[in-house]
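Working notes, structure below.
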Amino acid sequence: MKKIILSIFIALACFQAPAFAYLDPGTGSMLLSALIGIVATAFFMLKTLYYKLSGGFLSLFGVKIEKRKHGIIFYSEGKSYWRTFKLY
């Protein structure tokens, strides 16, 4: 049964009629941007998953990981912006 389904799939894939389709540059650019976004999202998702799993694995053995706290730094071009960035 599996061989029959596989042979039908191969026959359909090999003997396709020409589509005469047109892909304009705007659509191609959109598809390329979507592909790059999906790859970047998958990369950062896997990286975050790796760090979470490795941190959880190390915590099982009692190893403490020191977390750094980063402050937010605002740069301005003069004293006229001080009221905008002043912490209340």
Side-chain angles (χ1 to χ4, degrees):
M1 183 69 172
K2 289 182 182 180
K3 290 182 181 181
I4 294 172
I5 294 173
L6 183 62
S7 62
I8 291 172
F9 178 73
I10 290 173
L12 289 175
C14 291
F15 301 109
Q16 290 291 321
F20 300 110
Y22 171 72
L23 187 64
D24 63 308
T27 306
S29 175
M30 179 190 67
L31 293 174
L32 183 62
S33 296
L35 179 68
I36 290 171
I38 290 169
V39 169
T41 301
F43 172 75
F44 285 109
M45 184 182 72
L46 291 173
K47 184 177 101 170
T48 302
L49 182 66
Y50 169 75
Y51 283 124
K52 286 188 183 228
L53 289 176
S54 64
F57 182 73
L58 289 175
S59 68
L60 289 175
F61 295 108
V63 177
K64 292 191 176 190
I65 299 172
E66 186 176 319
K67 293 183 180 179
R68 291 187 251 169
K69 295 196 177 203
H70 298 286
I72 298 175
I73 299 173
F74 291 101
Y75 294 100
S76 68
E77 296 179 7
K79 292 183 180 183
S80 61
Y81 295 104
W82 178 246
R83 281 186 252 141
T84 306
F85 299 124
K86 184 178 178 181
L87 297 176
Y88 294 101

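Since the model is a prediction, treat every value here as computed from it, not as a measurement. Positions are given from 1, in the same order as the sequence printed here.
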Using 0.5 Å steps for rounding, measure from the [atom1] atom of [X] to the [atom2] atom of [Y].
| X | Y | atom1 | atom2 | result |
| --- | --- | --- | --- | --- |
| Leu31 | Ile36 | CG | CD1 | 11.5 Å |
| Thr48 | Phe43 | OG1 | CZ | 9.5 Å |
| Met45 | Ile38 | CE | CD1 | 11.5 Å |

- Task: Return yes when atom CD1 of Ile4 has more than 12 non-hydrogen atoms of other residues, nucleotides or ligands closer than 6.0 Å, and no otherwise.
- Result: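 No, not enclosed.
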- Message: Phe57: which residues meet the ring-ring contact (aromatic ring centres under 6.0 Å, His included) condition with it, sequence neighbours left out?
- Response: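 With neighbours one apart ignored, the set is Phe61.
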- Is the side chain of Ser29 donor-acceptor paired with the backbone N or O of Pro25 at a distance under 3.5 Å, no angle test?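 Absent.
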